[in-house]
Protein chains: 2
Amino acid sequence: MNALPDTASPLYEKVKDYILTNIGAGKWSKDRKLPSENEFVAALGVSRMTVHRALRELTSAGFLIRLQGVGTFIAPPRPQSTLIEINNIAAEIVARGNRHRSEVLVLERITPTKELSLSFEFAKRPAIYHSVVVNFENDLPVQLEERFVNPSLIPDYDKQDFSKTATYDYLMQKTPVTEVEHIISAVPADAETARHLAIDIGSCCLLLHRRTWTGAVVATISKLTYVGSRYSLGSRYSPSRKT
Amino acid sequence: MNALPDTASPLYEKVKDYILTNIGAGKWSKDRKLPSENEFVAALGVSRMTVHRALRELTSAGFLIRLQGVGTFIAPPRPQSTLIEINNIAAEIVARGNRHRSEVLVLERITPTKELSLSFEFAKRPAIYHSVVVNFENDLPVQLEERFVNPSLIPDYDKQDFSKTATYDYLMQKTPVTEVEHIISAVPADAETARHLAIDIGSCCLLLHRRTWTGAVVATISKLTYVGSRYSLGSRYSPSRKT
DNA sequence: CTTCCTTAAAAGTATATACATGTATGTATA
DNA sequence: TATACATACATGTATATACTTTTAAGGAAG
């Protein structure tokens, strides 16, 4: 009668199975529309909310594309976006079998510049935390990390001893990251950076600029400068399709 | 009154933001329970189904753990691998509203050096394809791409017109990538690179070294050199845990 | 033929309600 | 004391209903 599989799973899962199976069987051709929610209701004898949930979950899983006012379509095979994995520098150094050490240069509470406040998407200009740390691999400086931290999310940031705990680990543990923005560029070292990293002014450095969000709130802004001749970011990644 | 953010987004998204923000602020301590659905209903003045949807989506995104009959808890911090998405340069330039143009410098079939053959993990030394292309953004060279391609996977590589189709698009279309290795570093431009990119020798460049696999076979080896002062790799990414 | 307006249809959201299912807890009973 | 049961409360699912938002299509007016 209603064509749904006879399993113990909840109804919306049966509807998902039914739709996926029929997509696999080519019941609805690649570029044509799937039945509307109301048509599924009539065909399967379940409520529209249940059909809607099934379709919504299949959409967020990438199988379908839905356009309000238009209909539901089979998603094209997804393009493989090339992803690079950025690891915690301390962990990476240790993983290579080398010795890691941090030196805290600055750990303070400051009033942000107008520009920085803008990056935090603040309406007002509350005080924020500011840290500058140099990371060493076998006593050779390889990375200068400057971080600005939102105190409303991480209140005790300036009380920590970041020569013991990596800033990265502390932040990851304190607040969930819901979104990350990265900008990678290559820049010549300025005078201050060169001094901290013990390199010549103008040497090539890898600059990783990162913003993280927790919900709608900017949690941290980081500027990570790697010495080009001493460090590179590496990763090996298997793009795997879900479900 | 109801403490929800005042944005244009749907209600369940506001509830999600509200919960994430409060987790970030440490309102509900790490190991203790969050309020029950009915308590959220009373506190926020929305229906239970709306709260339920918000909590369900946060759970499937990996932020929460829910136990039927018990309650809702904050999920332990995930092993956070930060991912960066690398896009097709041609697409990125066009997406910025600029004009993209390619110039093919080399497109040939060569016998690989011993070292290159090793990178391909070849036992013997069969001929491979080699291409060098300069990518322009509004007539300004921004990237030099050198690629080595395995002819057993992509047989007609040297017959293509890569001033029309981007090499990236062609390769993605021709063979599925099952694994990718990346190494990003910052290097000074050598004489030849500087000439092709119209920059000074020693200028900072972003070097992206990439190997792709199809199954157990190395498909391509690429060396992408970006002019540091003209181009940066950017991405915004939502780390969402699957189901 | 073109432009504007009306209308229908689709997905999206929000709510009230009901019942199902799993867990912990307190209480009565053996 | 220990077991069994009743109960309260938590999340999970399903439905009916109403309204919103977006889009496409058809028709009237110019």
Does the side chain of [X] get closer than 4.0 angstrom to OP1 or OP2 of [N] through an N or O atom?
X: A:Thr72; N: C:dA10; value: no
X: B:Arg53; N: C:dA14; value: no
X: B:Thr50; N: C:dT15; value: yes

Under 3.5 Å, is there a donor on one side chain and an acceptor on the other for [X] and [Y]?
X: B:Ser36; Y: B:Asn38; result: no
X: A:Arg147; Y: A:Ser131; result: no
X: A:Ser102; Y: A:Ser163; result: no
X: B:Ser222; Y: B:Glu145; result: no
X: A:Thr214; Y: A:Thr178; result: no

Could you check if a side-chain atom of [X] sits within less than 4.5 angstrom of a side-chain atom of [Y], using non-hydrogen atoms only?
X: A:Tyr129; Y: A:Thr220; value: no
X: A:Ile184; Y: A:Leu206; value: yes
X: B:Arg99; Y: B:Phe136; value: no

Of A:Met49 and B:His52, whose closest DNA chain D nucleotide lies nearer the 5' terminus?
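The answer here is B:His52.
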Considering heavy-atom distances to DNA chain D, does A:Tyr12 or B:Val70 have its closest nucleotide positioned more toward the 5' end?
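Nearest nucleotide further toward 5': that of B:Val70.
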Need one value for B:Leu55: base, sugar-phosphate or nothing, where a base atom within 4.0 Å counts as base even if backbone is also close, heavy atoms only.
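Contact class for B:Leu55: none.
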To the nearest 0.5 Å, what is the distance between CZ on A:Arg66 and CG on A:Leu58?
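Atom-to-atom, A:Arg66:CZ and A:Leu58:CG are 9.5 Å apart.
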Nearest of C:dG12, D:dG12, C:dA16 to any side-chain atom of B:Ser47?
C:dA16
Roughly, in whole Å, what's the span from [atom1] in [X] to [atom2] in [N]?
X: A:Glu39; N: C:dA9; atom1: CD; atom2: P; result: 11 Å
X: A:Arg56; N: C:dT13; atom1: CZ; atom2: P; result: 7 Å
X: A:Arg66; N: D:dT22; atom1: CZ; atom2: C1'; result: 13 Å
X: B:Leu11; N: D:dC19; atom1: CG; atom2: C1'; result: 14 Å
X: B:Glu37; N: C:dA16; atom1: CD; atom2: P; result: 14 Å
X: A:Leu64; N: C:dG12; atom1: CG; atom2: P; result: 11 Å
X: A:Ile65; N: C:dA11; atom1: CD1; atom2: P; result: 14 Å
X: A:Glu13; N: D:dT13; atom1: CD; atom2: C1'; result: 12 Å

What do you reckon, are the aromatic ring centroids of A:Tyr157 and A:Phe162 less than 6.0 Å apart?
yes
Please list each protein N or O that sits under 3.5 Å from an N or O in nucleotides 19-21 of chain C, with the distance.
{"unit_1": "C:dT21", "atom_1": "O2", "unit_2": "B:Gln68", "atom_2": "NE2", "d": "2.7"}

Please convert DNA chain C into dot-bracket. A pair counts if it is Watson-Crick or G-U wobble with both distances under 3.5 Å; crossing pairs go in [ ] and bases paired with another strand get |.
||||||||||||||||||||||||||||||
